[in-house]
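First comes the structure, then the notes that go with it.
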Amino acid sequence: MEEITYHKKYGLFSNINYVLKNIKKVSKLLLFLLPVGVVIAIFQKYLWTFITKFIIDLITRDGNFKKLLVTVIIFTLITVLFFFLQTWYYNKKWPLCIKVRMNQILKLNMLMMRMPFQFTEDPELLDCCQKARNALGGNQQGFEGMIHQLFTFVELSGSVITGFVIVGTLNPLVLIGMTLLAVLNFLASNWANRYTKKHYWDPLANWWRKHWYMNMNLGTFEYAKDIRMFGLKNWLIEKFKELNKDRYRVQQKNCRLWFWVSIVTSILWIIFQAAIYYYLIRRVFSHTITIGNFSLYIASSATFFECISSMLNSITELLQKSREIDDIRSFMENEHVNQEINLNNANLKKPSVPEYDSWEFTFENVSFKYPHSKKYALKNLNIKIKAGERLAVVGLNGAGKSTFIKLLLRLYKPTEGKIYLNGHDVQEYDLDSYFSIFSPVFQEVNLFAFSLAENVSMRSMEETDKKKVEECIKRSDFEGKIDALPKGIDTQLLKVIYDDGTDLSGGQRQKLALARALYKAAPVVVLDEPTAALDALAESKLYNHFDSLIGNKTAIYISHRLSSTQFCNSIAMFKEGQIIEYGTHKSLMALNKEYAKMFKVQSRYYREGEENA
């Protein structure tokens, strides 16, 4: 597998264009609100400044009460209209910003469900994904934060231009001094933002994954029994505290850095503000400006500096959000991941798997190694799975059994070599069509917060054949649990969406998984430790009905329990990524090598089964 580039810098303008394109697709109204925001911002910043100036001038120069009253009424009406417009603007803007972000989250989730399975086990890509999730995790973060900052920047730009005109009539030197001070403030903030992201926050991507895992352990009921029975509470809390120390240390460093940046910029601002007051007071005493103009210039200069500083800081924030958009796009536009996805898109549609009468698979010099690993998980594997055969795949943990199955299912793509179905390279077929020929029963059975019937059919209720569901449940020996449920197969599972949802035990989950495989009725069955969570009676019953459950289908059976091999035609013994022994149970016992030794070690648990075999 090629080396993947996990982080790419797209640049501020490219990221702004990316955000605007997404806004346009989801809500054109949000784009229309941008100029409306400029008008509102100018009124918000300068309206009361002008009201105050005119009222002071009327009082100190004209003394005309009637004219003063008319002016106040006019300004009051303008203010009321402005507040109506402002309320409408904010009530429209925020929900639309959230809507655009939610659409981006949906796209991220779609990518995660569509990307090749092997990428889901790449720690570096998972860190990349976590940073993308963080950038979509809140109103002020990453993607939505960029939208708000774009609005802020455009609004402040209008206010800065207005202030530029007002303060420019006072003295160009004041304008230049304020601008230089704001630029210094901007440079300091931008440097601090860039430094903290690179040295403080990016290295925490791995921490976020650990933090999520600890939160899951501490905050979900799945681990409740183990925590109580093994007295893990204090131990887990200490682990959680220890983990949080890393975040706390980073937060302290971040706060110290920003403290000194704020001190320097605040001192510069105080000095400049004092100079402006001194200059304007001298102009009042020399009668070159009125008291009304004094109030106008004082307020406008403060507003202008606040706006230009905020605008430049907004650029800092835009750059910061842009770096977070880089995180989103680095994951969502990863060339290698999307290239793998596009192999199965509409333009490169591959043919579906034909309706074969029999299914035979051949591994030809197949090797596989995980991303960033120098060691092969499987090396130079050659094996043929004959049509209608029951193949037992056995071996110790880490021998390569699961990797072998994932390659067969095309969850992984071989690093070297090819896999053939009836003489044709499996990569020639459409992936979804290829998935459809397998009925898998995985060791880890995941339940969905749907009805039990939907969990068996893995289809919506409208597409589910309830009679078929009941039949599959009966064949998998799961009907005893169903009879005890008040709503039968319509019972909702888990308590995530429905408060009256029910959970299943490990054994019940595996029976449900078997029913799920039976419902799919695919021609090739893959059983990954299907009896691991079953009790002895349920396991025995499954073995006795193995042929009736599987029928004439091709079946691959992965197990640590070698007693299960008596139901299989052939046995493949894996060790360190290679098949070290292959044959029938009888022939492998006669060899008296690894398989025979393992069988003899386990035989005291199923000697009766061996004698029967």
Side-chain angles (χ1 to χ4, degrees), residues 4-23 97-98 100-101 103-105 107-108 111-112 123-154 156-157 183-209 211-212 246-247 249-258 260-262 265 309-338:
I4 303 170
T5 302
Y6 290 97
H7 189 76
K8 186 176 178 181
K9 294 181 180 179
Y10 292 86
L12 176 62
F13 294 108
S14 174
N15 285 333
I16 289 174
N17 185 49
Y18 174 81
V19 170
L20 290 174
K21 281 183 177 179
N22 278 276
I23 292 173
C97 289
I98 294 170
V100 176
R101 175 169 64 93
N103 180 260
Q104 192 73 3
I105 292 173
K107 287 167 66 177
L108 176 71
L111 175 64
M112 291 179 66
E124 290 188 42
L125 191 66
L126 291 177
D127 284 346
C128 183
C129 177
Q130 184 61 59
K131 287 195 283 187
R133 282 182 173 278
N134 291 346
L136 289 166
N139 300 114
Q140 299 301 332
Q141 292 168 276
F143 191 83
E144 189 179 339
M146 171 71 89
I147 299 175
H148 290 300
Q149 286 303 321
L150 278 173
F151 271 82
T152 300
F153 177 78
V154 172
L156 289 169
S157 297
V183 168
L184 287 173
N185 190 16
F186 160 72
L187 292 173
S189 297
N190 185 50
W191 172 84
N193 266 321
R194 191 170 61 249
Y195 182 88
T196 54
K197 184 179 189 300
K198 181 179 179 181
H199 296 281
Y200 297 164
W201 304 122
D202 279 354
L204 278 182
N206 185 257
W207 177 89
W208 279 108
R209 283 202 295 125
H211 188 261
W212 172 84
D246 293 336
R247 173 65 188 274
R249 281 192 289 267
V250 170
Q251 197 72 48
Q252 282 184 313
K253 290 179 181 178
N254 184 68
C255 290
R256 280 196 296 268
L257 179 64
W258 279 104
W260 289 111
V261 170
S262 300
T265 54
S309 295
S310 297
M311 187 184 77
L312 291 171
N313 285 332
S314 180
I315 295 173
T316 302
E317 286 297 317
L318 282 171
L319 290 168
Q320 171 70 8
K321 304 308 175 192
S322 177
R323 288 185 278 269
E324 293 174 5
I325 298 290
D326 285 343
D327 293 336
I328 296 172
R329 295 179 71 184
S330 291
F331 178 68
M332 296 188 68
E333 297 179 10
N334 185 283
E335 293 176 4
H336 195 88
V337 174
N338 282 286

(message) Can you tell me if Lys253 has over 12 outside heavy atoms packed within less than 6.0 Å of its NZ?
(response)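 Open: at most 12 neighbouring heavy atoms sit under 6.0 Å from NZ of Lys253.
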
(message) Looking at Arg133, I'd like to know if its CZ atom is crowded, meaning that more than 12 non-hydrogen atoms belonging to other residues, nucleotides or ligands lie closer than 6.0 Å.
(response)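 Incorrect, the count does not exceed 12.
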
Please report the interatomic distance [atom1]([X]) to [atom2]([Y]), rounded to the nearest 0.5 Å.
X	Y	atom1	atom2	value
Ser322	Tyr10	OG	OH	11.0 Å
Met332	Asn334	CE	CG	12.0 Å
Leu12	Asn17	CG	CG	11.0 Å
Asn134	Ile328	CG	CD1	10.0 Å
Phe151	Leu156	CZ	CG	13.0 Å
Met112	Lys107	CE	NZ	15.5 Å

(request) Look only at the side chain of Lys321 and the backbone of Gln140, and say whether a donor-acceptor pair between them is shorter than 3.5 Å. (result)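 At least one qualifying donor-acceptor pair exists.
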
(request) Look only at the side chain of Arg101 and the backbone of Leu136, and say whether a donor-acceptor pair between them is shorter than 3.5 Å. (result)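 A pair under 3.5 Å: yes.
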
Quick one: does [X]'s side chain get under 4.5 Å of [Y]'s, heavy atoms only?
X	Y	value
Phe331	Leu111	yes
Glu324	Met146	no
Lys131	Ser330	no

(request) Return the minimal non-hydrogen interatomic distance between Phe143 and Ile325, and the atom names on each side. (result)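 Smallest interatomic distance, heavy atoms only, reads CA-CD1, 3.5 Å.
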
(message) Give me the atom names and distance for the closest heavy-atom approach of Glu144 to Cys97.
(response)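 Scanning both residues, the minimum pair turns out to be OE2-CB, 3.8 Å.
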
